[in-house]
Amino acid sequence: MTINSKIQNINCCDHIARRVGDIAPSGIRKFFDLLASMDGVISLGIGEPDYPTPYHIREAAISSIENGYTMYTPNSGIPELRQELSKHLKNTYNLDYADSQILITVGVSEAMDLAARALVNPGDEVLIPDPCYVSYSPCVVLAGGVPVMIPTCEEERFEISAEKIEPLITEKTKALLIGYPANPTGTIMPREKLEEIVKLANQHGLIIISDEIYSRLVYDCEHTCIATLPGAYENTVFLGGFSKAYAMTGWRIGYAVGPASIIAAMTKIHQYTIMSVPTMSQVAAVEALRNGETSAAEMVADYNRRRLVMVKGLCDIGLSCFKPQGAFYAFPSIKNTGMTSEDFAHNLLMEEKVAVVPGNAFGRCGEGYVRCCYATSLKELYEALERMERFLKKRGASQAATFQV
Amino acid sequence: MLNKILRLLEDDGRLTPEQIATMLGTETSQVKELITQAEKDGLILKYKAVVNWDKIAEEQVWAIIEVRVTPQMKAGFDAIAERIYKFPEARTVMLVSGTYDLAIIVTARNMHEVASFVTHRLAPIEGVQGTTTHFLLKRYKEDGVVLDDKNKGMRQKVVL
Ligand SMILES: Cc1ncc(COP(=O)(O)O)c(C=O)c1O
């Protein structure tokens, strides 16, 4: 009894570490809860492939389990996977990564966290594009760093540039954390602009953390891997994964490759916090790298068709949208509706049961936009577009918008 | 381009030329032309729905019949295949390699009708040496569609 009453006196909230408590609870949590409670919703809010993992990859994992391959693996990953990855990076980008430069992680998610923790001292600044994937800022904050946002805009296709970055650099700036093709915008970066950014980073001694999880999902163009640019290899931590290319989001596997010293530091954290990535997932990843290209190519071709349907559909119903060249997101402007992105998403959900993600979830510069993921069946895409058109027509906002190519 | 159009239509015969043109990044008029030509040339034979008959309480049985035949002097297997495919009960007739020669898919209202088709129509054909009839018990996947997809609804509603 006495023990119980003592426990009740403790206000647990007071015990939460400040750097965790300080991370603002996501404003759209309520929206998600509402969404979760509703039936019959077409969700364009799901940022993952709508395919299950190709069967041959699943089978590889099944047989690894059947064969009892279920123990811990070496901290940095099973040798077959590191070798296969090294070969893959050589074949795809002509990049050489030695064994000591490769770490297999629990998704790009872990890789990003490790990179931030391995590099950031308290108060160090990390430059991050706005809008961007929701984890970038929290990762930096949790590592004790200070995120400094690089504003971007639709007129410039949400691209960053050396000119935008330079004035933000201080003596505290440690690194750039960027990711292209980008979530939520679908932006890819022109090679020349990246080259200038690399040059700038080198001038100021900055590390580039490059999240290239969507590298396989590019359309009508080739992916530029930052580490291949002149002067980039030596200071780039290149994060890549399996989640999007091979529809393997639930396997929780990815990798970090880069300068041996940084990878060693990241491995140290990984060794004490994760030990090793689930063994079956590593076996599955080996199979993905060896034999997954055909399925990946088919999925990309399919995303591309849906991308074209989505972008044209959005423009036809009056939401202007630049043509994204990567990932599986369209990021239309909803400014002409007069609503905030949260109101837009909320009203659309309530009135037409279509879920999109308010752009402000991805940063201040995302306000006025919503993220529509087109990794969903064509049938649902057409239906969603019809519902959105009805929603807009009610407000007299639906006139075909300019179709920017 | 034509192949891409055919692939899309094979998956969904109700796609409009406009939709196809958007997906392939081409002109609607070109898609229309190619489809019209493909229909004329017999590349597209017909448009149909894939029906889940198991959900429909209508008496209907399906059977796969293996047929072993003696090929005929000049016409080989074709002449016998032609005689067989003229029966409306035979939905699909294929020449296959292996331990038998023709595979026939038959639908009828009941087992009795299938039996009667085999004994009265198929067996008496000259050159037919023997048949094996397999009645369809359950359908799992039809034309690429899994009928009872257990994975549906497993996705989260939102993933940032
Ligand atoms: C830009 C970006 N980076 C990283 C991730 C997480 O990837 P992983 O599944 O490899 O942890 C996501 C997932 O949505 C993403 O959109």
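Keep in mind the model is a prediction, meaning the values are calculated, not measured.
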Among residues at least two apart in sequence or on other chains, which ones pass ring-ring contact (aromatic ring centres under 6.0 Å, His included) with [X]?
X: Phe362(A); result: none
X: Tyr219(A); result: none
X: Tyr180(A); result: none

Are the charged groups of [X] and [Y] less than 4.0 angstrom apart, N to O?
X: Glu383(A); Y: Arg387(A); value: yes
X: Lys30(A); Y: Asp33(A); value: no
X: Arg307(A); Y: Asp220(A); value: yes

For [X], is it the side chain, the backbone, both or neither that has a heavy atom under 4.5 Å from a heavy atom of chain B?
X: Ala36(A); value: backbone
X: Leu44(A); value: neither
X: Arg371(A); value: side chain
X: Val134(A); value: side chain

Examine distances only and state if a side-chain atom of Thr70(B) and a backbone atom of Gly127(B) form a donor-acceptor pair shorter than 3.5 Å.
yes
Verify the neighbour count for atom CZ of Arg58(A): are there more than 12 heavy atoms of other residues, nucleotides or ligands below 6.0 Å?
yes
So what's closer than 4.5 Å to chain A heavy atoms on Ile20(B): side chain, backbone, both or neither?
neither
Do any of residues 23-50 of chain B come closer than 4.5 Å to chain A, heavy atom to heavy atom, and if so which ones, in number order?
Met23(B), Leu24(B), Gly25(B)
Heavy-atom pairs under 4.5 Å with chain B - which of Asn304(A), Val41(A), Asp50(A), Val357(A) has more of them than the others?
Asp50(A)
Is it the case that Arg139(B) places NZ or CZ above or below the six-membered ring of Trp62(B), under 6.0 angstrom from the centre and within 45 degrees of the axis?
yes
